[in-house]
Amino acid sequence: MDLIQLLPSQFAENEKMIKLQGILSNNVNSLAADMGETIDQCFVSTATNVLSRYEKLYGIEVDVSKSNLFRRERIKAKIRGVGTATKNMIIDTAAAYSNGEVAVIEDAANNSFTIKFVGTKGIPLNMDGLTLTINEIKPAHLAFTFEYVFNTWNDIRGMTWNEANAYTWEGLRAK
């Protein structure tokens, strides 16, 4: 914000006023930026500097070598995963990592369940974080696996070789 522009036009030629308003403008802009940064730290989705505080608060091991995205996903999943582990809690937690619809298929006879990513194709980026989080919230006696959805040849058969050439094989599977 340039405060001199908010004053009457007669001050536009006054060198002292221009200098004073320039100093005040810098201070106001700095304060606004600092306030914005402070507000960002209040929300897990935008926090950077205080992620370790959120991790400690929710009992997550602090690992500053991990990306902020990885750490945020773990914190958000932990927030969703507070309380007794239920099928819906596991669905919500996995959905936080995949940004898509998730199904949980229970196999009570084998004390296990499968997390199937049905809303997105391919393997979500932060599977290590999801695996850690699921291990933290699930009952200890249950095993789990992941199931992913990929394109088949029938899904992409309408593409020409030139169109397909723009992708890697892995890219075609998850397109």
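It should be emphasised that the depicted structure is a prediction, and the values quoted were computed from it without experimental measurement. Only heavy atoms go into these numbers, but all of them, side chains included; no hydrogens, no water, no symmetry mates.
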Strictly distance-based, threshold 3.5 Å: is any side-chain N or O of [X] a donor or acceptor partner for the main-chain N or O of [Y]?
X   : Y   : value
N29 : S25 : yes
T38 : D34 : yes
Q41 : V50 : yes

Are side-chain heavy atoms of [X] and [Y] found at a separation under 4.5 Å?
X    : Y    : answer
E106 : T114 : no
V149 : K116 : yes
F113 : K87  : no
Y54  : R72  : no
M1   : L3   : yes
F146 : P124 : no
V104 : F144 : no
F117 : S98  : yes

query: Between E136 and R74, does a salt bridge (charged side-chain N to carboxylate O under 4.0 Å, His left out) hold up when you go through it step by step?
result: CA-CA 11 Å; E136 289 172 355; R74 293 236 17 225; 2.6 Å; yes

- prompt: Under the 4.5 Å side-chain heavy-atom rule for ILVMFWY, direct or indirect, which residues accompany L125?
  reply: none

- request: Over all heavy atoms of both residues, which pair between N68 and L51 is shortest? Give the atoms and the distance, please.
  value: OD1-CD1, 3.4 Å

query: Looking only at heavy atoms, what is the nearest atom pair of I115 and I90, with distance?
result: CD1-CG2, 3.9 Å

- prompt: Can you tell me how far the CG atom of N126 sits from the CG atom of L132, to the nearest 0.5 Å?
  reply: 8.5 Å

- request: Output the distance between atom OG1 (T93) and atom CD1 (I134), rounded to the nearest 0.5 Å.
  value: 5.5 Å

Which side-chain N or O atoms in residues 11-21 pair as donor and acceptor under 3.5 Å with protein atoms at least two apart or in another chain?
unit_1, atom_1, unit_2, atom_2, d
N14, OD1, K16, N, 3.0
N14, OD1, M17, N, 3.0

message: Quiz question: by atom type and distance under 3.5 Å, do the side chains of N110 and S112 form a donor-acceptor pair?
response: no

message: Can you see whether T133 engages Y97 through a side-chain donor-acceptor pair at a distance of less than 3.5 angstrom?
response: yes

message: Counting neighbours of NZ on K138 that are heavy atoms of other residues, nucleotides or ligands and sit closer than 6.0 Å, is the number greater than 12?
response: yes

